[in-house]
There are 2 protein chains.
Amino acid sequence: MNSTKESIVNIADDLIRRRGYNAFSYNDISKVLAVKNAAIHYHFPTKSDLGVAVIDLHIQKIDHFIKGVAPLSEPEKVEAFLNIYEQIQINKKVCLVGTLATDWDTIDDKIQQKLIVFVNIVGDWLTGVMEEGLKKGSLTFNGDPQTRAMLIITSIMAAAQMAKIMGPASFQSVKNAIINEVNRQ
Amino acid sequence: MNSTKESIVNIADDLIRRRGYNAFSYNDISKVLAVKNAAIHYHFPTKSDLGVAVIDLHIQKIDHFIKGVAPLSEPEKVEAFLNIYEQIQINKKVCLVGTLATDWDTIDDKIQQKLIVFVNIVGDWLTGVMEEGLKKGSLTFNGDPQTRAMLIITSIMAAAQMAKIMGPASFQSVKNAIINEVNRQ
DNA sequence: GTCTATATTCCGATAGAC
DNA sequence: GTCTATCGGAATATAGAC
């Protein structure tokens, strides 16, 4: 993959998570790159193609993350996962899943299907971490591992959204609460 | 307020929570009502004016909700609050706060300010319920009331978003987990 | 209060030159 | 691989008649 194509995907990712899928245009990208909007259509014929590529980028990144944290303990894995969202919040973005979920009825079927794949990767991994933590006793929590994983994902993703409205403090309190909730005595 | 104006706000509310703020147009509303887009501009000169009116409608509704549940116990209040989101999920919408948060950087300052007011009303009310429940012993939970309130709001709002991607079952498991978390033995 | 008509701008996308 | 030029359509918004 050449550098221009990669740059387009990265800028699109940034724009989608700052402004939403329906509020960014090929022109916005061509303003950032020194490239005309026709050049972007060469790499991604339709906006849906670009949307799918952005999710593919996130799948790559989460795969890399999962491999990277493999040696860590379960509590450390949870914290590392929450730190991804902390970075999102600090950069004043929201997570890809939330912003595409709120635009769900307007996005192409190909984007929808790819997003389902991405959410399953994240959900399955975190469910596995919860199962392992429960077995080893390194994590303590109420309910089954899958529900706890979903509860963590929903809380932290909405916390990043809430921070856009209420500021960073609201994010931090939710993040700390999530950690406390899986380390109960 | 006349009936046409009310209808416009109700349809806009529906469209915003189904398709997102930037994906609905005055034309979409005029298709549903038997009215031309110029007629909508008469009632709401700009799209931002309409956006503010939609949040005002939600402020009215939550005020009415708060008054209605006043006689109930704290656990019943929490459940009634979660049931609002269950209805949102069943109707395949998302909540107003989440969808406007993900479009935050693209919405007018007047809409942003009004949304802050709305979130504070909801947050203050639920914090009060948590405080009261803690004092009476009708609710049991970890952490301070304000954090718990924020945790409930973020979890349930993202659960409605997640249901768009993963289906209704994921919503129900999160809803039940939230209830269990404030009724721990 | 609602209409027709229109201005202006921007969008996603394509054709064809280089 | 990127360009110029342009198409067809849709968006927000306004002017002025009824």
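Chain letters run A, B, ... following the sequence lines, proteins first and then strands; every chain starts at 1.
- Between W125(B) and F65(B), the angle of the ring planes goes over 60°, which puts this pair in the perpendicular group of the 30/60° scheme.
- Checked against dA13(C), dC3(C), dG1(C), the side chain of K47(A) finds its nearest nucleotide in dA13(C).
- Among the nucleotides dT12(D), dA11(D), dC3(C), the one closest to any side-chain atom of N27(B) is dA11(D).
- Residues from residues 10-26 of chain A placing a heavy atom under 4.0 Å of any atom in DNA chain D do not occur.
- As a whole-Å value, the separation of D49(A) CG from dT14(C) C1' is 15 Å.
- Rounded to an integer number of Å, the gap from D108(A) CG to dG12(C) C1' is 14 Å.
- For the pair I29(A) CD1 and dC11(C) P, the interatomic distance rounds to 11 Å; values are reported in whole Å.
- Residue D105(B) is tested with R19(A), K93(A), K164(A) for a salt bridge (Lys or Arg N to Asp or Glu O under 4.0 Å); the sole match is K164(A).
- For the 3.5 Å distance criterion, the side chains of T106(A) and D103(A) fail to qualify, holding no donor opposite an acceptor.
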Would M130(B) and I152(B) count as a side chain to side chain contact (heavy atoms under 4.5 Å, CB included) here? Give the steps.
CA-CA 10 Å; M130(B) 291 296 124; I152(B) 291 175; 3.6 Å; yes
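- Neither OP1 nor OP2 of dG1(D) sits under 4.0 Å from any side-chain N or O of T4(A).
- L50(A) places its CG atom 10 Å from the P atom of dA13(C), with the value rounded to the nearest Å.
- In this structure, the nucleotide among dT12(D), dT2(C), dT4(C) sitting nearest to the side chain of A38(B) is dT4(C).
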Test salt bridge (Lys or Arg N to Asp or Glu O under 4.0 Å) applied to E131(B) and R148(B), step by step
CA-CA 10 Å; E131(B) 283 170 351; R148(B) 177 57 49 176; over 6 Å; no
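- Per the geometry, NE2 belonging to H43(A) stands 16 Å off C1' belonging to dA13(C), to the nearest Å.
- Rounded to whole Å, atom P of dT4(C) lies 17 Å from atom OH of Y42(B).
- Using a 4.0 Å heavy-atom cutoff across all strands shown, K36(A) reaches at least one base atom of the nucleic acid.
- Distance, I8(A) CD1 to dG1(D) P: 11 Å, rounded to whole Å.
- In this structure, a donor-acceptor pair under 3.5 Å is absent between the side chains of S138(A) and S73(A).
- Whole-Å rounding puts the N37(A) CG to dC7(D) P distance at 15 Å.
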Stepwise, does the salt bridge (Lys or Arg N to Asp or Glu O under 4.0 Å) test hold for K67(B) with D63(B)?
CA-CA 6 Å; K67(B) 279 177 193 136; D63(B) 283 344; 5.8 Å; no
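- Closest to the side chain of H41(A), out of dG12(C), dG1(C), dT2(D), is dG12(C).
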